[in-house]
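Here's the structure, in structure tokens; my notes come after.
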There are 2 protein chains.
Amino acid sequence: MANTSSRTLRLLSLLQTHRYWPGTELADRLEVSVRTLRRDVDRLRELGYPVEAQRGAEGGYQLAAGAALPPLVVDDEEAVALAVGLRMAAQGSVAGIEESSVRALTKIVQVMPPRLRRRIEALRAATVPTVWGTGPTVDAGVLTAVAQACRDEERLRFSYKARGGELTDRHVEPHRLVSLGRRWYLVAYDLTRHDWRSFRLDRLDGPRSTAERFRPRELPAEDAAAFVRNGIDNIAAPHSFEAVVHAPAGTVRGLIGQWATVEEIDEGRCRLRMTSETLDWPAMALGVVGAEFEVIHPPELIGHLRDWATRFTRATGG
Amino acid sequence: MANTSSRTLRLLSLLQTHRYWPGTELADRLEVSVRTLRRDVDRLRELGYPVEAQRGAEGGYQLAAGAALPPLVVDDEEAVALAVGLRMAAQGSVAGIEESSVRALTKIVQVMPPRLRRRIEALRAATVPTVWGTGPTVDAGVLTAVAQACRDEERLRFSYKARGGELTDRHVEPHRLVSLGRRWYLVAYDLTRHDWRSFRLDRLDGPRSTAERFRPRELPAEDAAAFVRNGIDNIAAPHSFEAVVHAPAGTVRGLIGQWATVEEIDEGRCRLRMTSETLDWPAMALGVVGAEFEVIHPPELIGHLRDWATRFTRATGG
DNA sequence: TCGATAGCGGCCACTTTCTGACCTGAATGA
DNA sequence: TCATTCAGGTCAGAAAGTGGCCGCTATCGA
């Protein structure tokens, strides 16, 4: 614990936990002279982490935003928060970052002390559903196990429920994970069937990594996403949707600004746009808005709203 | 870039990105001899990061889970995923980790290159609403700015919309952030009013950190959360809600099982229970269910549903 | 305007460590 | 059995890291 590298790391972590540090205090904590501290700071700067300094009375050091992200030193609670957040992100709450979420999650989970893993597991129950829960969700454990096998080029065994419902045991060389339209797919070379297959992760159970490593084969497709896309017949194509709401843009934005874009038309009206895979979303949005509106597009939405309305009317004895 | 500390860090990051590494390859990448690599590995082990090794043919090194989390070396995309996930977590999708999410978020945002910040901003639009999305939400920028000021003990200025609606400028010594019932509060010492106050973050605008640091005062309360709890009169009491749905329990569970509890009554009917702060949620749930139902409780819900129904009917020209 | 504070960095002498080379040993799997 | 790969001791030379000293500069408050 007494050598330079570890001290430099500790310095980095100190700079991350608190913005300003007087040089003397840092030197004190690291148990070195101020001169050496300056040299340590120089070292960090040479490594590309921009440590800024204020001179004069009340001066000090601080870590600024640089070209690259420094290694993040997080404590236990923060690590749990990271993992939980990433898990949500990986489940597809935000379009476009699923893959990197899983990568980061795998990275963290791999080195995470067991006690923290247990804490995350305990928090699972507390998770409020993020996505409009139509559709099966993938267990985060399965997700990371498979992602890890892909990354580490380790053969994988699991049981798979095929479309018909029958369970089969599989032994594959995992190639890549693909997130497509709220579903996760594993593209892998099936060692029993001697061919490439794609597997839906929500139908995959009990993945266990064998220790066998393998040399990656070349996928006979442009990329993994294309391979999956070819294999599945129907991806739910997102509808785009548009309506005019008879309420000020500001009000509407306050109510549902997060799920839709709101453009002002005039003082009392605004245009609402959103895309969604189901018609439920626009219906909910228009319900929450609490104002009169007209549907511009698509026509199917009108039928859908009418269905809600008749059911609601019937249920309320109207 | 040629010295030991940076190499040790690079080794750590290599071990994080890929599970198995043959010693020779690692040595190659780090441009040192195998002997030195072994010494580097020893160094990591001394620092508490358990690097495991397999001997024999096909052997290699890997980083296992240890007592503490090593500094995380993440790439750009992963960093974005982290930030986005944490932001969701901070908005209260998971009970109990809001505070640590914000802490971690602050840490990351502070050192994050501007280009990544822009990417996160761009992703904001794509975010699916955090669940109980009907209340006012806190802007993530405000949240991190305030959190940073708390952490760094820097005075803060902002404008605040009081209950009446009038805007006032405030100058405070921020003490702590408290997340309570889906809302964020800042506990701070108001320098103009010479007293402790709590501020709702969603009413707080344009926080700017003055560079003035201060010595923390002692809060005249057990802790910050208690202080906030004393100050607010009405925590929105969640309504409990109940309905009978004319559809099989399994079907209903598949559709909205994540947000409500579903009990089977008989083959074709089930009982739906949930609690929510607003009446919008049950309405949405009943809409998504797509089946006939009766509201058991509470009576206000009936009026609410009727309102939706009439608006929908009018809008669809029925 | 001046003085106190605090970061900057050169210089030097001394100490520590790092490094590569070479070696033997031990575990592992074909 | 043998090849492979990690483990770790020893050695000498090279390369750092370290603390103490110095004068310098930026900043702030009196």
Quiz prompt | Donor-acceptor pair present, Arg39(A) side chain and dG19(D) base, under 3.5 Å | solution = yes
For [N], take OP1 and OP2 only and decide whether either is under 4.0 Å from a side-chain N or O of [X].
X	N	answer
Arg7(A)	dG17(D)	no
Arg45(B)	dA7(D)	yes
Tyr61(B)	dA7(D)	yes
Ser33(B)	dT19(C)	no

I need the [atom1]-[atom2] distance between [X] and [N], as an integer number of Å.
X	N	atom1	atom2	value
Glu25(B)	dT4(D)	CD	C1'	16 Å
Gln62(B)	dC6(D)	CD	C1'	14 Å
Tyr20(B)	dT28(C)	OH	C1'	13 Å
Asp28(A)	dA6(C)	CG	P	13 Å
Asp40(A)	dG19(D)	CG	C1'	13 Å
Leu30(B)	dC18(C)	CG	P	15 Å
Glu31(B)	dG20(C)	CD	C1'	15 Å
Leu26(B)	dA7(D)	CG	P	12 Å

Quiz prompt | Residues Thr168(A), Arg170(A); criterion side-chain hydrogen bond (donor to acceptor under 3.5 Å, both in side chains); working and verdict | solution = CA-CA 6 Å; Thr168(A) 47; Arg170(A) 304 292 182 128; 3.0 Å; yes
Quiz prompt | Glu166(B) atom CD, over 12 foreign heavy atoms within 6.0 Å | solution = yes
Practice problem: Would you indicate what Val41(B) reaches in the nucleic acid, counting non-hydrogen atoms under 4.0 angstrom: base, sugar-phosphate, or nothing? | Solution: nothing
Self-check item: OH on Tyr160(B) to CZ on Phe199(B), rounded to 0.5 Å
Solution: 6.5 Å
Please list, for nucleotides 21-25 of chain D, all pairs of protein and nucleotide N/O atoms separated by less than 3.5 Å.
from, atom 1, to, atom 2, distance (Å)
dT25(D), O2, Arg55(A), NH1, 3.1

Exercise. State which residues pass side-chain hydrogen bond (donor to acceptor under 3.5 Å, both in side chains) with Arg203(A); sequence neighbours excluded, sorted by chain then number.
Key: none
Quiz item: Who are the side-chain hydrogen bond (donor to acceptor under 3.5 Å, both in side chains) partners of Thr36(B), not counting sequence neighbours?
Solution: Ser33(B)
Practice problem: Five pairs at each end of the helix from dT1(C)-dA30(D) to dA30(C)-dT1(D): take the axis at both ends and give me the angle between them to 10°. | Solution: 50°
Using the test salt bridge (charged side-chain N to carboxylate O under 4.0 Å, His left out), find all partners of [X] that sit at least two apart in sequence or belong to another chain.
X	answer
Glu25(B)	Arg29(B)
Asp76(B)	Arg115(B)
Glu173(B)	Arg155(B), Arg217(B)
Asp205(B)	none

Self-check item: Residue list, side chain to side chain contact (heavy atoms under 4.5 Å, CB included) with Glu52(B), at least two apart or on another chain
Solution: Gln62(B), Ala64(B)
Practice problem: Side chain of Asp42(B) only, please: which of dG20(C), dG8(D), dC18(C) is the nearest? | Solution: dG8(D)
